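In what follows, a single structure is set out as structure tokens and then discussed.
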Amino acid sequence: FKNEPRPPRLCPCGSMRLFPSCHGHAQGVPVHPRAPCPCRSSKNKPYAQCCLKRGVSYNETLDLFIERRDIYGDDAATVMTKYMEMEKRDHLKQGGTEESFSQSPLYIFPTESREECEEFRAQMVTPYVEACVRDGSCHPAFAFSAEKSKFEWARPWRTNNRPLLPKEEMEKRQRTWNKLVDQYISEYDEPPSAEEVRSIEVAVKVASTGGPLYNTCAHAPCAKLENVPSEFMLCSKCKQTRFCSKECFAACYKTQHKAVCGTDEAEPRLASGS
């Protein structure tokens with residue numbers, strides 16, 4: 001085996017993922033919310049109750065923590081303004097001046113209007129959702145909400161069971177998205193029946209994680225649908241996947257769920273826009 005490449009190895013963190021795609025990745029992986037906060041400002045304070053709560057995000061490798069530059073805003077112009085403020089602070093910390101920053105390649109003239117930013121965003125999102133509607137992979141209510149929302153479209157805001165956004169931001173996006181779905185329903189030419197409203201809400205409305213508001217039992221032969229949000233039991237380990245009963249969980253765990261528990265594959269997703 002001297003001249004053969006080293007076989008892939010699992011990450012020592014215990015995630016059961018390959019090392020290069022976990023803590024061996026150059027950008028690392030999101031810090032677990034219950035881990036001690038990387039800022040060390042408060043001894044052993046959980047990351048979720050410290051920096052993550054304040055909107056400061058970190059990734060980690062085996063050797064170091066990497067601050068993630070996550071920028072949130074209600075529209076493209078706000079996000080662009082926040083980005084430029086962040087770049088300007090870094091430029092000044094490194095000894096630059098406001099004049100030298102205005103001449104740098106990163107500088108974007110502040111004359112960019114909100115309308116221009118929104119037009120650029122529409123050019124990115126609209127063709128995507130129109131193509132999804134044409135090929136049948138996207139519900140019309142999903143396309144409607146995606147074009148009107150400020151964060152493109154709803155999708156899981158977690159990776160490998162770790163949040164990509166602060167809890168407050170995820171809940172805000174959930175409220176915004178679901179209100180747009182309600183708006184879509186209200187604009188029907190004729191009031192839809194209760195069954196039609198239910199089918200739209202099941203297909204398009206989201207939970208705070210960005211996954212479906214109404215979950216289907218993860219045991220494929222069952223596929224029972226929730227009558228109300230969060231009705232089904234969560235897997236006690238990953239707290240991602242839902243099962244309608246202990247029997248379904250037991251039948252599915254060893255044969256299917258155990259292999260993906262805690263990974264992106266176990267993350268519930270809307271059928272549209274997945």
Side-chain angles (χ1 to χ4, degrees), residues 7-25 27-35 46-48 52 57 59-62 132 137-139 142 153-167 169-171 173-174 177-178 198-199 201-274:
R9 61 190 176 110
L10 295 177
C11 186
C13 73
S15 65
M16 302 305 292
R17 299 173 64 207
L18 293 178
F19 179 65
S21 62
C22 194
H23 282 77
H25 193 278
Q27 298 300 319
V29 293
V31 173
H32 196 282
R34 293 195 293 272
Y47 171 51
L52 186 61
S57 305
N59 280 4
E60 63 179 354
T61 66
L62 291 182
C132 289
S137 64
C138 178
H139 194 286
F142 184 95
W153 53 81
R155 55 199 180 279
W157 297 305
R158 299 189 297 195
T159 180
N160 296 314
N161 205 20
R162 298 179 182 182
L164 296 172
L165 304 172
K167 181 179 178 181
E169 178 66 21
M170 290 195 291
E171 291 175 345
R173 292 188 178 194
Q174 177 198 17
W177 181 266
N178 290 345
R198 163 77 173 172
S199 67
E201 292 181 340
V202 167
V204 186
K205 282 196 171 182
V206 297
S208 61
T209 59
L213 184 62
Y214 296 92
N215 285 272
T216 301
C217 178
H219 184 40
C222 174
K224 185 178 178 181
L225 181 66
E226 290 180 323
N227 292 315
V228 294
S230 305
E231 176 186 5
F232 293 164
M233 58 177 283
L234 279 169
C235 168
S236 60
K237 184 176 180 182
C238 68
K239 300 190 183 300
Q240 293 169 279
T241 310
R242 291 186 179 273
F243 299 89
C244 68
S245 65
K246 293 181 179 179
E247 290 74 20
C248 278
F249 173 74
C252 181
Y253 186 75
K254 288 186 178 180
T255 58
Q256 182 182 359
H257 183 64
K258 184 177 181 180
V260 298
C261 186
T263 70
D264 284 344
E265 292 183 54
E267 190 72 54
R269 298 173 183 272
L270 291 175
S272 293
S274 297

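Scope of the values below: all heavy atoms of this structure, side chains included, with no hydrogens, waters or symmetry mates. Please read these numbers as outputs of a predicted model, since none were measured by experiment.
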Just verifying a value: how many Å separate C13 SG and H32 NE2, rounded to the nearest 0.5 Å?
10.5 Å
Hey, is CD on E265 packed in by over 12 heavy atoms from elsewhere, all under 6.0 Å?
no
Over all heavy atoms of both residues, which pair between A218 and C252 is shortest? Give the atoms and the distance, please.
O-SG, 4.0 Å
One should read off an interatomic distance between K224 NZ and C248 SG, to the nearest 0.5 angstrom, of 8.5 Å
Any heavy-atom pair between the side chains of C217 and F249 that's under 4.5 Å?
no
Side chains of V31 and N59 in contact at under 4.5 Å (non-hydrogen atoms)
no
May I ask you to test the E169-W157 pair for a side-chain heavy-atom distance under 4.5 Å?
no
At what distance, to the nearest 0.5 angstrom, does CZ of R155 lie from CH2 of W177?
9.0 Å
Can you check whether D264 reaches R269 side chain to side chain, under 4.5 Å on heavy atoms?
yes
Please give me the minimum heavy-atom distance between F19 and P12, naming the atom from each residue.
CD1-CD, 3.9 Å
Could you tell me whether the side chain of R9 reaches within less than 4.5 Å of the side chain of L18, counting heavy atoms only?
no
Table please: side-chain donor-acceptor pairs of residues 204-211 below 3.5 Å, with sequence neighbours left out.
residue: K205; atom: NZ; partner: D182; partner atom: OD1; Å: 2.8
residue: K205; atom: NZ; partner: E201; partner atom: OE2; Å: 3.4
residue: T209; atom: OG1; partner: G211; partner atom: N; Å: 3.4

Within this structure, what is the SG-NE2 distance for the pair C11 and H25, rounded to the nearest 0.5 Å?
12.5 Å
Side-chain donor-acceptor pairs under 3.5 Å in residues 230-242, sequence neighbours left out?
residue: E231; atom: OE1; partner: N227; partner atom: N; Å: 2.7
residue: Q240; atom: OE1; partner: G262; partner atom: N; Å: 3.2
residue: Q240; atom: NE2; partner: T263; partner atom: O; Å: 3.3
residue: Q240; atom: NE2; partner: E267; partner atom: OE1; Å: 2.9
residue: T241; atom: OG1; partner: A266; partner atom: O; Å: 3.0
residue: R242; atom: NH1; partner: F232; partner atom: O; Å: 2.5

Between the CE atom in M170 and the CZ atom in R158, the distance rounded to the nearest 0.5 Å is 7.0 Å
So NE2 of H23 and CZ of R17: to nearest 0.5 Å the spacing works out to 9.5 Å
